[in-house]
Amino acid sequence: MSNNNRILLDAIIFFSLFLLIGCKQQVKQLALEDKIRLAVESRKVPVPNEQKVSFTSPEWIEGRGPHSTEIFRHLENYIPTILIEKGATKTKELPKNSSNTLGQELLTTTFFKKETSLNEICNEKQINGIIVLHKGEIIYEKYPDMEPTDRHFLGSVSKSFIGTVIGNLADEGIVNEQDTIGKFLPEFKDKPLENVSIENLLRMASGTNCREHAKDRVSFTDPNHCFYQLLQHSALFPEPKSAFEENLMELVANAGAYESQGQIYDYTSANSVILATIAERASSKPFHELVQEYIWSKIGAEDDARTTLSSSGVAGSYGTMLMRLRDLARYGLAFTDDATTKIASERYLSQINKGDKELFSSQDGTGQRLWLKIYQDQEPLFQSYHWDVVFEDGDFAKFGLGGQGLYVSPEKRLVIAFFSANKDETTNNNNIMYLVRSLALFEHFKGEQ
């Protein structure tokens, strides 16, 4: 080879390496806004021929009616979603060791005032699907009104995922539970919620005036209400014809405070969207990537999950994740010693069990109005890390719109996951939510045996 050709070849190699390194650096330096933009561009956008029922917003969010099961089973056909990928991770097999008697045993609670059984609930299609894991094995699994391969709507069970993401970010020192909103979100500077702590967001005690359960349900009916507009920002309600006047964090910040932080347990998804935005900005990663990194790549999922994603890049961190029932059970399993890889450190698990009992039972708070009534005499203690109820024995549970639920007992090595839909105007289809604690207290599950 001549010297001229060698010089030319060396120049080409050098230039190619320069471009390659430059591209790699460019990928590494991709800003959060660019990542979200790319995610929005890659969304699965519903097309009419996939839709089996008439889909109306905002009526669908009532989670009631004959079409609710179809919408909950295939929400990606009705609202734009993005994948949470399992990638090349190996699926964790769930061995079967079915119980011949579990489905027949009687479930009861003071609140429900009616004895029933898992078999009866399933036979009457009061539930779409249910799975019970004990010691890592499936001991009960039925799909009365869905397919095992359906990615079902989680409702607010999704909130536990942002709680788990925050727990992992805190483990890594990226955030701290005592950090304030203002540290990460400039939209809250000099606003009433600026000094609210991550801890009070996790406990639903921020005092935000963007209230979900406002009087006369105006939060779901008044287009001028902060919470109604939050649902628009996240694509659950139709976006306004004109562009949004402010981004979602500006909206919540400008709504102001209803109470001082730490005073009352007032459940609202606004706390979850603030937490998700803190997590995104602190890590420079979109919500779906955070779930993929800290949870989905570790639990041995059998399929990808999905979360809704609006045109402005707001993910469904507070209520609209979609996944298979077995994968929801695998997520719960990852909090127990039966997991191949745990997603909760000892620090995070200890934080879950450090709630505030006084706050949980605060006057006119969500605990007093709901959980203390449903689980009276069943030892509910407090709410923590976006788990709705933490019980005296260390069990914890999260529930969602329409009767979704995940119950985890690290000590009993027990996981109960279920999907539902309100097919009529009664609350009958929700009864497993009222009865799941009764199921967990069966003698069969006491101790590790």
Side-chain angles (χ1 to χ4, degrees), residues 50-56 59-79 94 96 98-109 111-134 138-158 302-303 319-329 332 374 397-407 415-440 442:
E50 293 177 322
Q51 300 180 5
K52 296 181 181 178
V53 302
S54 174
F55 180 73
T56 54
E59 287 77 11
W60 83 272
I61 207 168
E62 292 291 335
R64 215 175 250 121
H67 298 325
S68 57
T69 294
E70 158 59 23
I71 293 170
F72 283 5
R73 287 173 56 180
H74 304 119
L75 190 63
E76 68 267 33
N77 293 343
Y78 301 90
I79 297 179
L94 298 173
K96 276 202 168 188
S98 299
S99 166
N100 295 323
T101 60
L102 184 63
Q104 302 167 18
E105 296 188 55
L106 291 179
L107 302 168
T108 184
T109 170
F111 181 85
F112 195 59
K113 297 178 181 176
K114 176 187 175 184
E115 289 185 338
T116 187
S117 67
L118 286 181
N119 284 351
E120 184 178 349
I121 290 169
C122 291
N123 291 340
E124 294 182 5
K125 291 190 176 182
Q126 293 183 4
I127 201 166
N128 293 346
I130 184 168
I131 185 170
V132 181
L133 305 182
H134 190 219
I138 300 172
I139 60 170
Y140 190 89
E141 182 181 30
K142 287 197 176 182
Y143 297 90
D145 217 4
M146 64 178 286
E147 296 299 323
T149 54
D150 287 339
R151 290 193 193 106
H152 198 285
F153 166 74
L154 257 62
S156 287
V157 179
S158 308
E302 64 185 48
D303 191 19
T320 44
M321 293 177 65
L322 319 172
M323 63 190 61
R324 293 186 184 184
L325 183 59
R326 282 192 173 192
D327 283 342
L328 178 60
I374 290 178
K398 186 74 189 82
F399 304 104
L401 173 76
Q404 327 312 323
L406 177 64
Y407 186 106
V415 176
I416 306 166
F418 50 90
F419 291 143
S420 307
N422 295 333
K423 301 173 181 66
D424 52 44
E425 294 299 317
T426 73
T427 58
N428 286 344
N429 304 96
N430 272 333
N431 64 11
I432 188 61
M433 184 177 84
Y434 308 142
L435 296 163
V436 67
R437 176 64 173 167
S438 173
L439 173 60
F442 279 170

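Hydrogens, waters and symmetry mates are skipped; everything else that's a heavy atom, side chains included, is used.
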Residue pair Ser117 / Gln104, side-chain heavy-atom distance below 4.5 Å: no
Heavy-atom side-chain contact between Leu435 and Thr116 under 4.5 Å: yes
Gln404 side chain reached by Met433 side chain, heavy atoms, under 4.5 Å: no
Closest heavy-atom pair and its distance - Gly129, Leu325: C-CD2, 3.5 Å
Non-hydrogen side-chain atoms of Leu107 and Tyr434 separated by less than 4.5 Å: no
Check: Ile432 and Leu118 side chains under 4.5 Å, non-hydrogen atoms: yes
Separation of Ile139 CD1 from Leu102 CG (nearest 0.5 Å): 5.0 Å
Stepwise side-chain contact (heavy atoms from CB on, under 4.5 Å) test for Tyr78 and Glu70: CA-CA 10 Å; Tyr78 301 90; Glu70 158 59 23; 2.9 Å; yes
Derivation and outcome, side-chain contact (heavy atoms from CB on, under 4.5 Å), residues Leu439 and Tyr407: CA-CA 10 Å; Leu439 173 60; Tyr407 186 106; over 6 Å; no
Atom of Met146, atom of Asn128 and distance for their closest heavy-atom approach: CG-O, 3.1 Å
Candidate pair Val415 and Leu406, rule side-chain contact (heavy atoms from CB on, under 4.5 Å), full reasoning: CA-CA 7 Å; Val415 176; Leu406 177 64; 3.9 Å; yes
Nearest heavy atoms of Asn422 and Gly402, plus distance in Å: OD1-O, 3.8 Å
Validation row: Ile131, Ile138 side chains within 4.5 angstrom (heavy atoms): yes
pair Phe419-Asp150: side-chain heavy atoms closer than 4.5 Å: no
Approximate separation, where rounding is to 0.5 Å, of Lys114 NZ and Glu120 CD: 5.5 Å
Name of the residue among Ile71, Asn77, Thr69 meeting side-chain contact (heavy atoms from CB on, under 4.5 Å) with Val53: Ile71
Distance, nearest 0.5 Å, that separates OG1 of Thr320 from CD of Glu76: 12.0 Å
Within-4.5 Å side-chain heavy-atom neighbours: Asp145 and Ile127: no
Derivation and outcome, side-chain contact (heavy atoms from CB on, under 4.5 Å), residues Arg151 and Asp303: CA-CA 9 Å; Arg151 290 193 193 106; Asp303 191 19; 3.5 Å; yes
Nearest-0.5 Å distance that lies between atom NE2 in His67 and atom OG in Ser54: 6.5 Å
Value rounded to 0.5 Å, distance of OG in Ser98 from NZ in Lys142: 10.0 Å
For the student: nearest non-hydrogen atoms of Gln126 and Ser420, plus distance: O-OG, 4.2 Å
Donor-acceptor contact present, side-chain Asp327 to main-chain Met323, <3.5 Å: no
Nearest heavy-atom neighbours spanning Gly319 and Ser158: C-OG, 3.4 Å
Distance in Å, Ile416 CD1 paired with Arg437 CZ, rounded so as to fall on 0.5 Å steps: 10.0 Å
Minimum-distance pair of heavy atoms, taken over all atoms of Ile130 and Cys122: CG2-SG, 3.9 Å
Parallel, tilted or perpendicular: ring planes of Trp60 versus Phe153, cut at 30 and 60 degrees: perpendicular
